[in-house]
Amino acid sequence: MIDVTVDNIVFQSAGSLSVAVLALVMVIFQLIFLFKKHRFILYGWSLGISFSAVLYAIGIFFEYNSPPGPVNQWAGRLEWTAIVFLIHLLYGFTFAYFKIDGKRYHQLAGLFHLILLFLIWRTDLLVADRFVTRHFLGLAQPYIEPALGPLGLYFVLYGFSASLWAVVIWFRLKDPCKRYKLSFLSGIVLWTLLGIHDGMAALGMTTFQYLMEYGFLVFSGIVLWIVSGTFYEMLSEDKYRTVTKFLNDGILVVQNGIAVFENPACQSLIGQSVIGCTIEDFSSKIARNDKETFLRFYDSLMNSGNPEKSTTVRIEKNDKKESVIEINANTIHYKAGTAFLAVLRDISERIREENARKKNEEKVARLKKMESLGLLAGGVAHDLNNVLSGIVSYPELILMDLPDDSKLRQPILTIQESGQRAAAIVSELLTVARGAAIEKEVMNINRIVEAYVRSPEHKKLLMFHPKVRVETDLETQLLNIKGSPMHFGKAVMNLVSNAAEAIEGRGRVIVSTSNRYLDRPVKGYGTIPEGEYAVLTVVDNGPGMGQETLDRIFEPFYTKKVMGRSGTGLGLTLVWNVIQDHGAYIDIISNDQGTCFEIYCHATREMPADKVCSLQINSLYGQGERVLVVDDVKSQRDIACQILDKLGYAPDSVSSGEAAIEYVRKHGGVDLLLLDMIMDPGINGRETYDRIKEIHPDQKAIILSGFAETDEVKKALEAGAARYIKKPVVIKALGQAIKGVLC
C-alpha cells in the first residue's frame, strides 16, 4: 500500500495534485456545457483535453509518491497515455474549430494511437519494466520512474513533431475570431516547451522537476476559455437565430472575411450553408458576370469612406437554377470587431413580373398603334376608292373606242394596270382597317392553299425567287373552319411571300395543314386556349429573325424586304388582322435554322353549303351499337356523341375513368369504348381500359388522344385496344375505325 497522508506526500508532487483537482473541476464545468449544448462538438474535444490533463497529473503524482513497483510503472504508463490522448484530442479540437472534415485523420491517426496504447500497456517497448532514479536541480529527494523502452525516444520525438504540426495548422488557417488564435498558440507552445524539458529529463539529462503537467493545465484552461467564449457567443447567436428564423429575407454576417452567421432563409437563397466560407468562396457562388460587382461592393463597404449600400447579383445554386438576389448591407459591431451585415432578398419573381408587365405594356402600345393606323388606313382607303373609280373605269371605256394601232393604247393600258394595282393596295388597307365587315362561311384551308399555289401571284413570286421551292403537305381529312376565303387567301399569300423573301439564295418553303387538339392552353406568340384547331403552318429555312424583329413583325410598314419588289410593307400586318378577325391565334418559332409560322383556327363540324351531301357516309352507319365515350372535356364528349348519333350508334358519355368503370359495373359491358388517353384528375385511358378488362375481358376499345402516340398509348394497344385516333376527331376517320373494330 502507498501512504499518501499529508506528512508522507513528497512536496514537489503537491503541484501535480493541484493540477489534477483543477483539471477535474474543468471537466465537470465542461460537462455542464455539453449537456446544455450537447451537439456542439467543440465541448466534447475540450472536455477530453481537460480529462487528459487529469490523467497526466495523476500519473505524475503517483510517480512522485510510490516506490519502484507496479504502481509506479502504472503511473508512468498513465502519463504516456495522457500524451497520446492529448495529441489526438488536440487535432480533433483544431478540425472542429476550423470546421474541417477530420474523418480521414481520425481513421488513420486513431488506428495509430490504438497501436501506441497497446505498446504502452502491453509491451515494454515504450515504457520499460525497470526503473531509474532522477535527481532534479534544487531537489534533495530523488525521483523514481520507469525507464524508457527501446522505442521511447521515438515516442518523445513523435509527441514533439505532432504538437509542432498543430502549431503550423493554426498559423496557416484563418481564424474567424482572431482573439483566440494567439491564446491557443501560446498554450500549445507552452505545453510543447515543457514537454521538451520533460523529454530531456526522461532521456537522463539534468533538469528541473517535471513541469509538463502545468503545460497541460494552462493549455486546458485556454481551451476552456475558448469554448466558454464560443458557448456564450452561440447563446447570443441563438437569440439572433430565433429572431431571424422566420424571416423571408436572408441574413448573413461576415467577419474578418469569413461567414460567421446565417439564418435559414439565407441558406435557402444560396442553396447551401456558407458558415465558415471566406468571402472569395462566397463569391464563387455568384454568376461570373456579377462576381466583380459583388467584390467591389464588399470592398467599398468595408474600406471606403463613401460605401455603396446595395447591389444586385445572380446566385448560381447547386441545382443549376439561377436567382436574382438584392443585397442591402452595412457594417456593424459584432462580437469582438467590425462585421459585414447583409440582408439578401430574392427578387427573381419581381423582375419576371416587371419584365412581363413591360412586355404587356409594349404589346398594348403596339396594338393601340396598329389600331390607330388601321383606322387611318380605313379612312384613306375609303377616300382612295372614290378617287380610283375614275382611274380604273375610264381607261377601260377609252380603250373600247381606241383603234388597235393607236399610240395611246399602251400608255392607257399602263394607267389601267396602275389603277388596278392601287385598288389592290386599297383592298389591303381595308383589311388592315379591321373595320370592314367580312362575310364568313364554312371553308377548308386546304382549298385556300391549293388556290393560291395555282394563282398568278404565286407564279410571279417564283419568278422573283427562282432558287426557292414552295412545297405543300396538306392533311387529307382537315377539319373545316369559318372564315372569309378572300381574306384568308391574302393571309396565305403574304405568309408565303414573307417566307420566300426571308431566304437568301437557295432554299425552300413548306406550307402544311394539320388537325390539332389542345387539352390545355399553350403559350405561343400569345396564349392559345384549349380546343380543336385546323392549323396552317408555313416554314422556311432562312436565317431566322432576332427578338427585336419578332417584337415588331406585325407593325404596319415595318419591313426588311426589298423595296419595289415585295409590296407595301403591310403583308404581315394584314396577316395579323385576318387572324384577329377570324378569332384565330398565331405562334412563331424563329432561330438560325429558319422561321415557322403556325396559324391556329377554330375547327367547325359544319360542312360547306355546296358539299353537305358530298360526304358518303352510308357505308359507315351502325346498327344502334352501344358506344361509351370517356373524356374529361365536356365539349369533346358532346362532339363525339353527336358524330356517333349521326352515324347510327347509341352513344353515352362519362367524364372520367373511374366513372367509366362504375358505368360498366352498373349497366354491363358496351359494344365499344372511346377512351381519351389523358384525363385530369383521375386515372388515364390505359389504366381505365385495364380495369374494365378485369370486369369484361373481351371489351373492345378505341383510344383517342390530342398528343402523339405515347408509351401509354402503345401499352393500351398492346393490352387489346383496337385502334388509336388522334384528336380532333374527323367523322370519316372515326366511322371507318368503329366499323373496322365492330365488324
Side-chain angles (χ1 to χ4, degrees), residues 14-61 78-79 81-100 102 106 159 162-167 169-171 173 175-195 198 210-238 255 260 276 335-337:
S16 303
L17 184 60
S18 301
V19 169
V21 172
L22 290 173
L24 184 60
V25 170
M26 287 193 289
V27 168
I28 295 170
F29 190 52
Q30 290 179 88
L31 277 171
I32 297 172
F33 280 172
L34 194 61
F35 285 130
K36 285 197 171 215
K37 208 78 176 172
H38 60 279
R39 286 179 295 178
F40 186 26
I41 195 169
L42 272 183
Y43 297 155
W45 295 115
S46 65
L47 187 151
I49 290 171
S50 298
F51 182 69
S52 66
V54 174
L55 294 183
Y56 191 84
I58 290 174
I60 290 291
F61 176 79
L78 189 63
E79 293 171 33
T81 299
I83 294 172
V84 173
F85 280 3
L86 183 68
I87 292 171
H88 196 91
L89 294 165
L90 164 64
Y91 280 90
F93 182 85
T94 299
F95 295 147
Y97 184 81
F98 288 107
K99 294 180 174 59
I100 299 171
H106 291 305
S163 60
L164 187 63
W165 185 244
V167 171
I169 291 175
W170 275 75
F171 260 119
L173 294 179
D175 180 13
C177 300
K178 293 182 178 179
R179 65 185 184 280
Y180 294 141
K181 187 170 188 175
L182 183 60
S183 301
F184 185 92
L185 286 171
S186 300
I188 191 62
V189 167
L190 177 64
W191 180 81
T192 304
L193 292 174
L194 294 178
D198 286 13
Y210 282 118
L211 302 172
M212 195 172 176
E213 65 267 34
Y214 300 108
F216 266 93
L217 180 64
V218 171
F219 181 56
S220 300
I222 290 173
V223 169
L224 176 59
W225 175 66
I226 292 173
V227 297
S228 298
T230 56
F231 176 77
Y232 288 110
E233 287 168 3
M234 285 186 69
L235 289 181
S236 299
E237 285 184 0
D238 283 347
Q255 191 168 48
V260 294
K335 295 182 181 178

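In this chain, numbering begins with 1 at the start of the sequence shown.
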Check: So which heavy atom on I87 is nearest to which on G159, and how close?
Finding: CD1-CA, 3.8 Å
Item checked: Heavy-atom closest contact (F216 atom, A53 atom, distance) -> CD2-CA, 3.5 Å
Checklist line | CD1 on I49 to CG on L90, rounded to 0.5 Å | finding: 6.0 Å
Margin query: List the residues meeting side-chain hydrogen bond (donor to acceptor under 3.5 Å, both in side chains) with S46, not counting sequence neighbours, and say none if there are none.
Written below: Q30
Next item on the list: Write down the atom of A82, the atom of L55, and the distance for their closest heavy-atom approach.
Entry: CB-CB, 3.9 Å
Next item on the list: Give the ring-plane orientation class for W170 versus F93, where under 30° counts as parallel, over 60° as perpendicular and anything between as tilted.
Entry: parallel
Next item on the list: Using the side chain to side chain contact (heavy atoms under 4.5 Å, CB included) rule, take V218 and L194 through it: C-alpha gap first, then chi angles, then the decisive distance, then the call.
Entry: CA-CA 11 Å; V218 171; L194 294 178; over 6 Å; no
Next item on the list: Supply the atom-to-atom distance L78 CG to Y56 OH, rounded to the nearest 0.5 angstrom.
Entry: 10.5 Å
Next item on the list: Run through W225, F219, Y97 and flag the one making a ring-ring contact (aromatic ring centres under 6.0 Å, His included) with F184.
Entry: F219
Note to self: The test is side chain to side chain contact (heavy atoms under 4.5 Å, CB included); show your working for M26 and L217 and say whether it passes.
What the structure shows: CA-CA 10 Å; M26 287 193 289; L217 180 64; 3.6 Å; yes
Notebook entry, point to check: Is the shortest heavy-atom distance from the side chain of I222 to the side chain of L190 under 4.5 Å?
Noted result: no
Next item on the list: Measure the spacing between OG of S50 and CD1 of I28 and express it to the nearest 0.5 Å.
Entry: 11.0 Å
Checklist line | Residue pair S163 / W191: nearest heavy atoms and the distance that separates them | finding: CB-CZ3, 3.6 Å
Checklist line | Minimum heavy-atom distance between F95 and G102, given as atom pair plus value | finding: CD1-CA, 3.8 Å
Next item on the list: Kindly assign one of parallel, tilted or perpendicular to the pair W45 and H88, based on the angle between their ring planes and the thresholds 30° and 60°.
Entry: tilted
Margin query: I need the T94 OG1 to W165 CH2 distance, nearest 0.5 Å.
Written below: 12.5 Å
Next item on the list: With rounding to the nearest 0.5 Å, note down the distance linking CD1 in I169 to CG in L185.
Entry: 11.0 Å
Check: Just wondering, are more than 12 heavy atoms of other shown residues or ligands nearer than 6.0 Å to OH in Y91?
Finding: yes
